[in-house]
Amino acid sequence: MKSGKITGSEALLKALIAEGADTIFGYPGGQAIPIFDSLYDYKEQLNLVLVRHEQGAAHAAQGYARVSGKVGVTIVTSGPGATNTITGIADAMMDSTPIVVIAGQVPSTLLGTDAFQEIDVIGITQPITKWAYQIRKPEEIAWAISRAFYIASTGRPGPVVIDFAKDAQIGLVDFVPEKVDYIRSYQPIPTIDSEQIKAAAELINQAEKPFALVGQGVILGNAEAELKAFLEKADIPFGSTILGLSALPSDYPLNKGMLGMHGNVGPNRKTNECDVLIAIGMRFDDRVTGDLKTYAKQAKVIHFDIDNSEIGKNVPVHIPVLGNAKETLKAVTGLLKPNKHTKWIESFQASEQEENDKVIQEEISPAKGPLKMGEVIHRISEATGNNAVLVTDVGQNQMMGVRYFKYNQTRSVVTSGGLGTMGYGLPAAIGAKLGAPDRTVCLFMGDGGLQMTVQEFGTIMQENLNLKMVVLNNNYLGMVRQWQELFFDERYSCTVMENPDFVAIGNAYKIKSRLIDKREELDEAIAEMLSHDGAYLLVADVETKGMVYPMVPAGSSISNIIMGE
C-alpha cells in the first residue's frame with residue numbers, strides 16, 4: 001500500500017528498516033545533510049552511531065556484521081567522506097564481510113563538472129565491491145537498497161556501495177518497499193553436483209590420514225553443526241584459518257589449532273603429511289600455504305567452497321565441492337562411513353608437546369623478565385571463561401591474540417585477515433560491541449595501530465560502551481621490527497615508537513584507564529577491568545623486543561618452522 005510522497009532521504013531510511021537494519025555508523029557532511037536530517041525523525045528505529053572518522057564507520061560496520069551475522073551499514077558524505085571509507089571497503093572485500101556503504105553525492109546535474117567534493121565513487125570502488133551503484137532518481141531507492149542488501153549478504157558475502165545523488169535525496173517519491181531476492185545474472189549459491197558429493201565421500205572414506213582446513217566460510221554459512229557432524233563421523237582432525245578459528249570451541253578434541261605463518265606446529269606439519277586434504281570455506285591464502293611448490297604435494301585435495309573462482313586458484317584441486325557448506329557438508333556426511341583415525345590423530349601430539357615446551361609455556365608462564373604479550377592475552381581469556389569476543393588490531397598483538405585467546409562459541413574472532421589493516425581494531429570493536437551487546441568484547445591493540453584510529457575513543461565516550469581495551473605497548477612497530485631483526489640484520493628503520501601517555505588520553509575521553517608493567521599487578525588489573533561497568537583501557541608495558549613464534553618465513557615451506565632463538 002502506498003504511503004504517499006516522501007523525500008528520497010526518508011525513502012532510504014524506510015528501505016533500510018525494511019531490510020532489518022537497526023544500527024548505522026556514519027558521519028554527516030554537505031552532500032548527505034538531507035539523509036541526516038531525515039534520521040532526526042527515525043531515532044527510535046535507527047541508531048546512528050557518530051564515529052570520528054569515516055574509516056572508523058566502515059570498520060565499525062565490519063565488526064558489527066562479523067559478530068551479529070547481519071549486514072553492517074555506513075552512511076557518509078561525498079568526496080573525502082566517501083574516499084575515507086575505501087580502506088574499510090577493501091578490507092570487507094578481502095574478508096567476505098557484508099556491509100553496505102551509502103555515500104552522498106553532488107546533484108546529478110553537476111556530475112562530471114568537478115563540483116565541490118565530487119569524486120567518482122563508482123569508478124573507485126568497483127574493483128573492491130560486489131556491486132557499486134549510483135542512485136540518480138528517488139524512484140530507484142527501494143530497488144537499489146534491497147538489491148544492495150541481497151548482494152552483500154548472499155553467496156560469498158562482501159561490500160556494496162551506493163552513491164546517492166543529492167537531488168535524489170530531496171526529490172519526492174511514492175515509496176513502496178521492494179524485496180529483491182533474485183537477479184538473473186547473479187547465482188549466489190551454486191547448484192550442488194551429486195557426483196562431486198559422491199566423489200568427495202569416496203575419497204574421504206578411503207583416507208588413512210585425512211586433515212581438514214576450516215575457514216570462515218563455515219561461519220558465514222552457519223554450518224558449525226554440520227562441520228561438527230562431518231568431522232566426528234569420519235574422525236578427521238582439523239586446523240583453522242585465523243577467520244575460521246571460532247567455528248568450533250578451542251578445546252574441541254579434533255581441533256588441532258591454527259594454520260599459517262604464526263600458526264600451530266602440528267597443523268602446519270601435518271598439512272604436508274596427510275593423504276587427503278579437505279579445505280572448507282577457505283581460500284588458500286599465501287600466509288596459510290607458504291611456498292606453493294612444496295604445499296601438500298602428497299595429498300589429494302578436496303575443496304568445499306561457495307565461490308567457484310577460488311577452486312584451483314592457488315592450489316590444484318582433485319575434487320571441487322561447490323555450494324553452501326551447510327548443505328554440502330551435510331550431503332557428504334550422509335555418504336561417509338563411520339571411521340576412526342586414532343593413530344593419525346595421536347601423531348599430532350609430538351608437535352603439540354614440542355611447541356608447548358619451546359614456545360607456549362615460555363610465552364604464557366615466564367619465570368621472570370618483563371610482561372609478555374601472550375601471558376596478558378592468555379590471562380584475560382581465562383578470566384572471561386573463554387567466552388568473550390576477541391577483537392585485534394594488526395601486528396604482533398594480532399598474532400598473539402589469535403594464538404592465545406580461546407573460544408567457546410562461534411563468531412568470536414574479529415580481526416583484519418586478508419588486508420591486514422592497522423587501525424582496524426578500535427572501530428571494529430565498537431561495531432562488535434553494538435552487534436553483540438550482551439557479550440564481553442576484548443580488544444587488543446599495539447601502540448602503533450591504536451594511534452591510527454585513536455579518535456574513536458570519542459565514539460566510545462559518546463555511546464557509553466562497555467568495551468574492554470588492552471594496549472600491548474612495546475614502543476615499536478613490533479611485527480615489522482621482528483622481520484627487521486630476523487631478515488634485515490637488526491636495522492630498525494622507522495619502527496621505534498615514541499609514544500604519548502595512553503592513560504592520560506584514555507582519561508581525557510572519560511575512559512577508566514590504568515598502566516601496568518609488573519607481572520604481580522596483572523591478575524588484579526584484569527579483574528578490575530572486567531568488573532568495571534563501562535569502558536576500560538588497560539595499558540600493559542610489555543617486553544620491547546618480543547617475538548611471535550612459531551614462524552614460517554614468508555615464501556618458505558610451511559614445514560620450515562622457526563621455533564625461537
Side-chain angles (χ1 to χ4, degrees), residues 211 213 237-242 244-246 249-253 255-273 287-290 345-382 386 390 392 394-407 413 415 444 446 470 472 474 476 478-487 490 519 522 540 542-565:
F211 185 50
L213 312 179
F238 74 94
S240 297
T241 66
I242 287 176
L245 273 174
S246 64
S250 301
D251 61 359
Y252 179 64
N255 189 347
K256 298 304 175 183
M258 188 173 77
L259 302 160
M261 178 175 283
H262 293 289
N264 295 108
V265 174
N268 282 335
R269 283 180 177 166
K270 296 302 178 180
T271 296
N272 280 352
E273 295 178 22
R287 290 296 172 95
V288 165
T289 65
I345 292 171
E346 287 176 349
S347 74
F348 282 76
Q349 293 176 0
S351 293
E352 291 168 357
Q353 189 64 51
E354 181 184 3
E355 182 178 355
N356 185 69
D357 294 344
K358 292 183 177 179
V359 179
I360 295 175
Q361 288 306 314
E362 186 175 327
E363 184 65 36
I364 67 173
S365 301
K368 58 182 179 179
L371 280 170
K372 288 179 172 282
M373 288 188 185
E375 71 175 309
V376 175
I377 294 162
H378 172 70
R379 298 271 190 95
I380 292 173
S381 183
E382 284 195 327
N386 300 327
L390 167 72
T392 80
V394 165
Q396 288 185 317
N397 66 90
Q398 178 187 37
M399 293 298 103
M400 289 294 194
V402 294
R403 280 185 58 80
Y404 295 111
F405 213 80
K406 303 302 176 186
Y407 323 96
V413 180
T415 193
F444 295 92
V470 182
L472 299 168
N474 58 11
Y476 273 102
M479 187 57 82
V480 180
R481 183 211 56 77
Q482 176 166 334
W483 283 50
Q484 289 172 334
E485 181 168 327
L486 292 174
F487 311 117
E490 301 184 17
R519 185 161 291 110
L522 182 56
V542 297
E543 59 179 334
T544 57
K545 293 186 178 180
M547 304 288 276
V548 185
Y549 290 124
M551 181 180 184
V552 177
S556 179
S557 167
I558 57 166
S559 299
N560 179 22
I561 302 170
I562 302 173
M563 300 286 280
E565 298 171 359

Cation-pi geometry met for Lys256 and Phe348 (6.0 Å, 45°):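 Flagged: Lys256 positioned over aromatic ring of Phe348.
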Nearest-0.5 Å distance that lies between atom [atom1] in [X] and atom [atom2] in [Y]:
X: Ser240; Y: Tyr252; atom1: OG; atom2: OH; answer: 11.5 Å
X: Ile558; Y: Arg287; atom1: CD1; atom2: CZ; answer: 14.5 Å
X: Gln361; Y: Glu363; atom1: CD; atom2: CD; answer: 11.0 Å

Which word best sums up how the rings of Phe405 and Phe444 line up, parallel for under 30°, tilted for 30 to 60°, or perpendicular for over 60°?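 Perpendicular.
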Quick one, Val376 with Leu522, criterion side-chain contact (heavy atoms from CB on, under 4.5 Å). Give me CA distance, side-chain angles, the key distance, then yes/no. CA-CA 7 Å; Val376 175; Leu522 182 56; 4.2 Å; yes
Side chain to side chain, Leu390 and Val402, heavy atoms closer than 4.5 Å: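 Yes, at least one pair of side-chain atoms sits under 4.5 Å.
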Side chains of Phe238 and Asn255, heavy atoms from C-beta outward: is any pair under 4.5 Å?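 A side-chain contact exists here, since the closest heavy-atom pair is under 4.5 Å.
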Under the criterion side-chain contact (heavy atoms from CB on, under 4.5 Å), I'd like the reasoning laid out for Thr271 against Val288: C-alpha separation, chi angles, the key distance, then a yes or no. CA-CA 10 Å; Thr271 296; Val288 165; over 6 Å; no
Distance-minimising heavy-atom pair for [X] and [Y]:
X: Ile364; Y: Pro366; value: C-CD, 3.4 Å
X: Ser556; Y: Asn560; value: OG-ND2, 2.7 Å
X: Val413; Y: Ile242; value: CG1-O, 3.9 Å
X: Gly401; Y: Ile377; value: N-CD1, 3.5 Å
X: Ile562; Y: Pro553; value: CD1-CG, 3.7 Å
X: Asn397; Y: Gly446; value: ND2-N, 3.3 Å

Pairs under 3.5 angstrom only: tabulate donor-acceptor contacts from the side chains of residues 259-267 to other protein residues two or more places apart or in another chain.
unit_1	atom_1	unit_2	atom_2	d
His262	ND1	Val548	O	3.3
His262	ND1	Pro550	O	3.1
Asn264	OD1	Met258	N	2.7
Asn264	ND2	Glu355	OE1	3.4
Asn264	ND2	Glu355	OE2	2.9

Set out, in order, the CA-CA distance, both residues' side-chain angles and the distance that settles side-chain contact (heavy atoms from CB on, under 4.5 Å) for Val359 and Arg403, then state yes or no. CA-CA 11 Å; Val359 179; Arg403 280 185 58 80; 4.0 Å; yes
Do any pairs count as a side chain to side chain donor-acceptor pair (under 3.5 Å) and have a residue in residues 368-380, sequence neighbours left out, and if so which ones?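 Residue pairs with at least one partner in residues 368-380: Lys372-Glu543, Glu375-Arg519, His378-Glu382, Arg379-Asp523.
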Worked verdict on Met551 versus Met399 for side-chain contact (heavy atoms from CB on, under 4.5 Å): CA-CA 10 Å; Met551 181 180 184; Met399 293 298 103; over 6 Å; no
For the pair Thr392 (side chain) and Thr415 (backbone), establish whether a donor and an acceptor sit closer than 3.5 Å, ignoring hydrogens and angles.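 A pair under 3.5 Å: no.
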Check for a donor-acceptor pair, side chain of Ser381 on one end and backbone N or O of Asn386 on the other, with a separation under 3.5 Å.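 Checking the backbone N and O of Asn386 against the side chain of Ser381, no donor-acceptor pair under 3.5 Å is found.
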Any salt bridge linking Glu485 with Arg481? Criterion: basic side-chain nitrogen under 4.0 Å from a carboxylate oxygen.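 Looking at Arg481 together with Glu485, the answer is yes, because their closest N to O distance falls below 4.0 Å.
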Verify the neighbour count for atom CD of Glu352: are there more than 12 heavy atoms of other residues, nucleotides or ligands below 6.0 Å?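 For Glu352, atom CD is crowded (more than 12 foreign heavy atoms under 6.0 Å).
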